[in-house]
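Reviewing the structure listed below.
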Amino acid sequence: MIAHVDMDAFYVSIEMLRHPELRGKPVVVAHDGPRGVVTTASYAAREFGVHSALPLVVARRRCPQLNVLPVDMQLYRRGSRRVMETLAEFSDSVEVVGLDEAYVDLSASPVPQSRAREIKRKVTAATRLACSIGLGPNKLMAKIASDLDKPDGLFVLTEGNWLETVGARPASLLPGVGPRTFERLRAIGVETVADLAAAEPGSLEHSFGPRHGPALRERGNGVGARSLTTERVRKSESRETTFPHDVSDRALMAETVERLGAAVCESLADHGRSGRTVTLKIRLTPWRTHTRSRTLPSPTRDPEAVIGVARELLERFDPEDPVRLLGVGVAGLVGDAPDDVPETHDAPARDAPAREGAPAGASGARQLSL
DNA sequence: TCTGGGGTCCTAGGACCC
DNA sequence: TCTGGGGTCCTAGGACCC
């Protein structure tokens with residue numbers, strides 16, 4: 001069995017540890033500003049229809065008494081490290097998916113359900129945070145199971161109860177079925193997971209192609225990967241920024257591209273990596289996103305080189321309409337010479353504040369210190 | 001209601017090579 | 001002289017995920 005461990009309202013729950021007066025209240029973590037969106041919403045906020053990815057202006061309209069906290073990634077990264085260290089005690093095979101979720105292979109355990117309960121206890125003891133766990137014979141079922149009993153839940157999906165449990169749910173419940181795919185599915189009469197599971201293979205292939213079509217049908221039947229990917233090497237790095245208000249000033253665009261390019265190179269240097277393809281991303285008003293890229297003969301993380309290319313791409317694109325977002329990225333990453341050294345996982349940020357009295361690597365059931 | 005930031009993977013066309 | 005097919009790289013855009 002595979003477990004999918006999903007922290008409940010992770011960023012907000014961590015913030016509650018240092019703002020106990022906000023417990024039970026509608027709280028979101030968000031980049032504030034005229035174009036901010038909700039990153040995470042507390043369960044009290046969700047009762048007002050406030051959820052992640054919702055524009056902040058809409059969130060405040062739905063919930064005038066909403067508490068908006070700024071994003072503190074350093075803090076959430078520390079919390080995440082504590083969670084992942086705890087999970088590593090339960091299996092050699094752990095796949096970290098984001099700061100707040102991971103798969104844990106419990107195949108070695110004869111009693112995966114009690115192991116899962118043990119994981120929940122240990123995670124909470126180590127962090128004072130709750131999580132939900134899904135169990136399943138593969139990643140897909142485990143992932144969906146973790147959503148079925150939130151928060152602080154535990155749910156098991158198997159081939160035996162798959163269709164009776166989720167068959168009537170919309171197909172968009174499945175990972176990989178986003179808004180676009182769901183619309184196209186509905187256009188051919190596929191509304192639910194059960195519809196997808198029983199769909200005519202020919203009509204799926206006709207609509208989605210020889211690869212995507214059959215893959216969708218398999219997902220509808222709960223078929224998914226049974227082994228985890230424990231090591232992942234980053235393939236690109238980027239920085240982007242949305243302006244509070246649209247920009248037409250070329251000098252400001254150029255300055256922004258410089259700042260973003262420098263930030264990307266600084267991060268690449270921290271990770272000991274370089275890349276060959278420089279990409280400029282431009283989002284115009286109204287909401288059209290474009291990219292322009294150039295591949296260099298050899299990998300670089302030299303700010304002058306990266307910024308130089310990015311500025312040329314900007315000049316070449318020459319946006320006519322106001323610009324709402326600019327981004328600079330470097331892809332095709334390789335590690336430092338001589339050999340392609342894999343990046344160090346989650347290297348500490350260079351200006352991470354020193355932790356008081358907490359020796360690095362100390363483990364055990366200490367609580368998340370703030 | 002009007003949409004952040006950081007990623008991954010896929011597709012499709014054109015260039016180029018064998 | 002005119003022609004096929006496969007493979008790889010590059011570029012641009014799109015869907016999706018956390």
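Since the model is a prediction, treat every value here as computed from it, not as a measurement. Labels below follow one simple rule: chain letters A, B, ... track the order of the sequence lines, proteins then strands, and each chain is numbered from 1.
Between C:dC16 and B:dT3, the two C1' atoms lie 16 Å apart (nearest whole Å).
Comparing A:Val38 and A:Ser238, the nucleotide of DNA chain B nearest to each residue sits closer to the 5' end for A:Val38. Along DNA chain C, the nucleotide closest to A:Ser172 and the one closest to A:Thr277 are compared, and the more 5′ of them pairs with A:Thr277. DNA chain B is contacted by both A:Arg62 and A:Val37; A:Arg62 maps to the nucleotide lying nearer its 5′ end (nearest heavy atom per residue).
Counting any heavy atom pair closer than 4.0 Å across all strands shown, A:Ser52 reaches no nucleic acid atom. When heavy atoms are screened at a 4.0 angstrom cut-off, A:Arg276 is found touching the sugar-phosphate backbone but no base atom. In this structure, A:Val177 reaches the sugar-phosphate backbone alone: every heavy-atom distance under 4.0 Å involves primed, P, OP1 or OP2 atoms, never a base. Residue-level contact check: A:Gly36 touches neither bases nor backbone, having no heavy atom under 4.0 Å from any strand. Counting any heavy atom pair closer than 4.0 Å across all strands shown, A:Lys281 reaches no nucleic acid atom. Residue contacts for A:Thr279: at a heavy-atom cut-off of 4.0 Å it reaches no nucleic acid atom on any strand shown. Across all strands shown, A:Arg288 has no heavy atoms under 4.0 Å from either base or sugar-phosphate atoms. Here A:Arg60 lies out of heavy-atom contact (under 4.0 Å) with every strand.
Between A:Arg232 and A:Glu95 there is a salt bridge, since a side-chain N of the basic residue sits under 4.0 Å from a carboxylate O of the acidic one. Salt-bridge check for A:Asp246 with A:Arg35: passed, with a basic side-chain N closer than 4.0 Å to an acidic carboxylate O.
For DNA chain B, the span of nucleotides reached by chain A at under 4.0 Å from its heavy atoms goes, 5' to 3', from B:dT1 to B:dT11.
Between the side chains of A:Thr277 and A:Thr295, at least one donor N or O sits under 3.5 Å from an acceptor N or O. For the residue pair A:Asp270 and A:Ser267, no side-chain donor N or O sits within less than 3.5 Å of a side-chain acceptor on the partner. Checking A:Thr289 against A:Arg283 by side-chain atom types alone, a donor-acceptor pair falls below 3.5 Å. Side-chain contact of A:Asp105 with A:Ser107: a donor-acceptor pair under 3.5 Å is present, judged by distance alone. With hydrogens and angles left out, the side-chain atoms of A:Asp6 and A:Ser132 include no donor and acceptor closer than 3.5 Å.
Contacts with DNA chain C (heavy atom under 4.0 Å) in residues 208-216 of chain A: none are found.
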Determine, step by step, whether A:Ser91 and A:Arg115 satisfy the side chain to side chain contact (heavy atoms under 4.5 Å, CB included) criterion, reporting the C-alpha distance in whole Å, the side-chain angles of both residues, the deciding distance to 0.1 Å, and the verdict.
CA-CA 10 Å; A:Ser91 176; A:Arg115 274 304 256 182; over 6 Å; no

Test salt bridge (charged side-chain N to carboxylate O under 4.0 Å, His left out) on A:Arg180 and A:Glu183 and set out the steps.
CA-CA 5 Å; A:Arg180 299 300 169 119; A:Glu183 270 318 299; over 6 Å; no

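Of the nucleotides present, C:dA12 is the one that pairs with B:dT11 by Watson-Crick or G-U wobble criteria, both distances under 3.5 Å. Partner assigned to B:dC18 is C:dG5, using Watson-Crick or G-U wobble distances below 3.5 angstrom.
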